[in-house]
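As structure tokens, the structure follows; a few thoughts come after it.
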Amino acid sequence: MKFFIDTANLDQIKEAQDLGVLDGVTTNPSLMAKEGITGKENIIAHYKKICEITTGDVSAEVIATDFDNIVKEGEELAALHDQIIVKVPMIKEGIKAIKYFSDKGIKTNCTLVFSAGQALLAAKAGATYVSPFIGRLDDISTDGLNLIMEIRQIYDNYGFDTQILAASVRHTMHVIDCAKIGADVMTGPLSAITGLLNHPLTDIGLEKFLADHKKGN
Ligand code: E4P
């Protein structure tokens, strides 16, 4: 299972990279705005900085919503760095663009996916990754993990290569449940990754081991 961090915060990306378990980064326009990164030039410079920190895939989202401009913007983003994955929204023009990018060998992440039908279309179009937003489904009392299960079954039935990127992950249980279901990737906040470290019995056990070692020395 690949671990992506869902942030545009460079310190957090560095921290996850230093842990040695980071496989990539996802961003979106809201995450960029949260870090105060605005304007095309600054956004492009920021993507380049992220690519310098991580060795993995970096999703960069297009703003355009019509085919011609999604393609123009996506090609510009893809040319920035070979780690860039063009993130395209799940809309009609987006699906057409994903097919175009796929035919050209440009990798894509189909974002804002909330149903199995949308995920099926993304795979048919040749998306590299599909991003079902599980946390946002949970927010509206719909089972996000059930969607991951449905997509896993559909992709396995037909051997689609599209990787299931469980997105909008909010906490460690989302990560563990996605791993049990067989999501290929999860993207979440740093806390969902570092939270996996924690167990009180580890802390108690280590404290005792160190105390006993001290007694014998
Ligand atoms: C996916 O790539 C999105 O950036 C992200 O996971 C959205 O998460 P949120 O619902 O916590 O905003």
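These numbers come from a predicted model, not from an experiment. In listed order, ligands and their atoms are each counted from 1.
- With respect to the salt-bridge test (charged N to carboxylate O, under 4.0 angstrom), the residues E52 and K49 do not qualify.
- Put simply, part of D6 is less than 4.0 Å from ligand 1, judged by heavy atoms.
- By the 4.0 Å N-to-carboxylate-O rule, D184 lies close enough to R152 to be salt-bridged with it.
- Classification of K40 and E73 as a salt-bridged pair fails, no side-chain N sitting under 4.0 Å from a carboxylate O.
- Ligand 1 has no atom lying under 4.0 Å from any heavy atom of E61.
- Of the polar atoms of T27, none of the N or O atoms is found under 3.5 Å from an N or O of ligand 1, judged by distance alone.
- No side-chain heavy atom of F4 sits under 4.5 Å from any side-chain heavy atom of V25.
- With sequence neighbours excluded, the residues that form a salt bridge (charged side-chain N to carboxylate O under 4.0 Å, His left out) with K180 are D177.
- In this structure, K107 places its NZ atom where only 12 or fewer heavy-atom neighbours from other residues, nucleotides or ligands lie under 6.0 Å away.
- Ranking protein heavy atoms by distance to atom 2 (O) of ligand 1, first place goes to K87 NZ, 2.7 Å.
- At least one N or O atom of S168 sits closer than 3.5 Å to an N or O atom of ligand 1.
- Here's the thing with R170: one of its N/O atoms is less than 3.5 angstrom from an N/O atom of ligand 1.
- Here is the list of ligand 1 atoms found below 4.0 Å of a heavy atom in F133: 1 (C), 3 (C), 7 (C).
- Of all atoms in ligand 1, listed by their number and element, those nearer than 4.0 Å to a heavy atom of A167 are 1 (C), 6 (O).
- Near R136, with a cut-off below 4.0 Å to any heavy atom, the atoms of ligand 1 are 7 (C), 9 (P), 10 (O), 12 (O).
- With respect to the salt-bridge test (charged N to carboxylate O, under 4.0 angstrom), the residues D203 and K208 do not qualify.
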